[in-house]
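Worksheet: the structure to be examined is printed underneath.
Side chains included, hydrogens not; waters and symmetry mates left out as well; all remaining heavy atoms used.
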Amino acid sequence: MTTILVTGGTGTLGRLVAARLRADGHEVRVLSRHAPPYAVDLRAGGPALDAALAGVETVVHCASNPGGGDEKAAARLIEASRRAGVRHLAYISIVGVDLVPYRYYRSKLAVERRIEESGLGWTILRATQFHDFVLGVLQALAKAPVMLLPAGLSDQPVEVTEVADRLAALATAPPAGRVPDLGGPEIRTLESLARSYLTATDRRRALVNVPLWGRTYRAFHEGGHLTEDEHTLGKGTFEDYLTRRAVAAGRA
C-alpha cells in the first residue's frame, strides 16, 4: 500500500484523515511540530523534514496556522517533496479564499497557487468551516450576557469527518487538480446557529445583530464563503453535531 505523510496529523482534521488512511491499510506518517518521531516545524524545514518524506509517495497537507507562516511552510514542504520524489500532494483549503479578502484566506490562496505551480501532481479540496470552529465562535460570543452577532451573515458548517473521508479518498486516487468544493448541508444565519447552540446548552442570552463595515465583512455578507453545489454537500447538520457532543458529555 501507499506510504502517506499527513502534515498537521494531530489536528482536528489531520488526525481523522490519518486514521481513515490507516484503516484502509496505508502506511501513515504523522508530521506535527511536537509529535515524534516526525516532529518538524514546516516553516524551518531541514533534515528532519527530508527524513519524514523519505519513501513517501503521497502528502496530505492539513497543517495550517491562522497566525501566519503557511506560505513559508508550503514552500519548504514543496521543495522537500520534490527532492523526495513525492508523486501526489493533496491540500485542504477553504471555500471563498479567492473571494473574501481576509488575511488568512489570502494566505491559503497563496498556498494553493504554490501547489499548482509546484510541478508535483496535486489535488486541492476546499471546504466550508467545520462545526467545531462555529461552536468555538459561539462559545466565545456567549461569554457576555448579550451575544453580539455580525448582522446579515450566514455560514454553512460541515462535519469534519465528512471532510476527512473525502480528503482521504482523494489522496489515494490519482492527482485531480481543483476538485468540487465540499460544504455543509445547510446555509444558516449566525442568529439561527446561535439559537441552536443556546438551546443545546440550556443557556439564555439576548441576541443583537450588529452591522459591520469593510471589504471583508461585505464579502462574507455576500456569501463568498458559501457553496450551493448540491452534488458536493455534506449530510451532518449543526444540530446533529451538538447532539453528539451532548451525548458524549453525558447530557443526553
Side-chain angles (χ1 to χ4, degrees), residues 1-94 97 104 106-127 130 160-179 182:
M1 301 298 284
T2 307
T3 300
I4 302 174
L5 177 72
V6 180
T7 73
T10 60
T12 300
L13 175 63
R15 62 184 175 80
L16 296 174
V17 172
R20 165 66 186 274
L21 291 169
R22 286 193 178 110
D24 288 343
H26 298 283
E27 178 186 341
V28 178
R29 299 178 187 175
V30 168
L31 186 147
S32 179
R33 281 180 293 175
H34 306 295
Y38 302 110
V40 178
D41 185 340
L42 281 175
R43 295 168 297 182
L49 178 56
D50 289 330
L53 284 165
V56 167
E57 299 172 56
T58 298
V59 173
V60 185
H61 187 27
C62 297
S64 189
N65 183 2
D70 278 9
E71 294 176 59
K72 187 174 183 178
R76 294 282 190 269
L77 179 62
I78 289 168
E79 291 167 2
S81 294
R82 287 191 191 123
R83 291 194 296 270
V86 169
R87 294 187 293 186
H88 187 186
L89 174 55
Y91 179 57
I92 183 66
S93 190
I94 304 173
V97 292
Y104 179 49
R106 285 175 169 169
S107 179
K108 297 287 281 188
L109 181 62
V111 171
E112 288 188 10
R113 297 292 180 260
R114 283 183 178 271
I115 291 172
E116 291 167 3
E117 298 167 1
S118 67
L120 301 168
W122 59 274
T123 300
I124 293 175
L125 170 66
R126 292 179 182 176
F130 303 154
V160 66
T161 57
E162 294 181 316
V163 180
D165 287 347
R166 177 69 174 137
L167 189 57
L170 289 167
T172 54
R178 170 82 187 283
V179 299
L182 177 58

Exercise for the section: Provide the closest heavy-atom pair for Cys62 versus Ile92 in the form atom of the first, atom of the second, distance. Expected result: CA-CG2, 3.8 Å
Fill in the blank from the handout: In this structure, CD1 of Ile4 is separated from NE2 of His26 (nearest 0.5 Å) by 5.0 Å
Handout entry: Any residue meeting side-chain hydrogen bond (donor to acceptor under 3.5 Å, both in side chains) with Thr123, in chain and number order, not counting sequence neighbours
Key = His88
Handout entry: Min side-chain heavy-atom separation Tyr91-Lys108 under 4.5 Å
Key = yes
Exercise for the section: State, yes or no, whether a side-chain contact exists between Leu42 and Leu31 at a heavy-atom distance under 4.5 Å. Expected result: yes
Handout entry: Any pair counted as side-chain hydrogen bond (donor to acceptor under 3.5 Å, both in side chains), so long as it reaches residues 65-82, sequence neighbours left out
Key = Ser64-Asp70
Exercise answer: donor-acceptor pairs, residues 8-16 side-chain atoms, under 3.5 Å, sequence neighbours excluded:
from  : atom 1 : to    : atom 2 : distance (Å)
Thr10 : OG1    : Ser32 : OG     : 3.2

Practice task
Identify, with sequence neighbours excluded, every residue that meets side-chain hydrogen bond (donor to acceptor under 3.5 Å, both in side chains) alongside Thr2.
Solution key: none
Handout entry: Set of residues satisfying salt bridge (charged side-chain N to carboxylate O under 4.0 Å, His left out) with respect to Arg178, sequence neighbours excluded
Key = Asp181
Under 3.5 Å, sequence neighbours excluded: what are the donor-acceptor pairs made by side chains of residues 164-176?
from   : atom 1 : to     : atom 2 : distance (Å)
Asp165 : OD1    : Arg20  : NH1    : 3.1
Thr172 : OG1    : Ala168 : O      : 3.2
Thr172 : OG1    : Ala169 : O      : 3.1

Handout entry: Results of side chain to side chain contact (heavy atoms under 4.5 Å, CB included) for Ala19 - residues two or more places apart only
Key = none
Practice task
Keeping to residues at least two apart or across chains, list the salt bridge (charged side-chain N to carboxylate O under 4.0 Å, His left out) pairs with something in residues 5-14.
Solution key: none
Handout entry: pair Leu89-Leu77: side-chain heavy atoms closer than 4.5 Å
Key = yes
Exercise for the section: To the nearest 0.5 angstrom, please state how far the CG atom of Leu5 sits from the CD atom of Glu27. Expected result: 10.5 Å
Exercise for the section: Report the residues that fulfil salt bridge (charged side-chain N to carboxylate O under 4.0 Å, His left out) with Glu112, sequence neighbours left out, ordered by chain and then residue number. Expected result: Arg126
Fill in the blank from the handout: Value for NE2 (His61) from CD1 (Ile78), rounded to nearest 0.5 Å, stands at 7.5 Å
Exercise for the section: Apply side chain to side chain contact (heavy atoms under 4.5 Å, CB included) to Ala18 and list each qualifying residue two or more places apart in sequence or on a separate chain. Expected result: Val6, Arg22, Val28, Val30
Handout entry: Minimum-distance pair of heavy atoms, taken over all atoms of Val86 and Leu120
Key = O-CD2, 3.5 Å
Completion exercise
Sequence neighbours excluded, the answer for salt bridge (charged side-chain N to carboxylate O under 4.0 Å, His left out) partners of Arg33 is none
Handout entry: Residues that Arg83 engages under side-chain hydrogen bond (donor to acceptor under 3.5 Å, both in side chains), provided they are two or more places apart
Key = Asp50
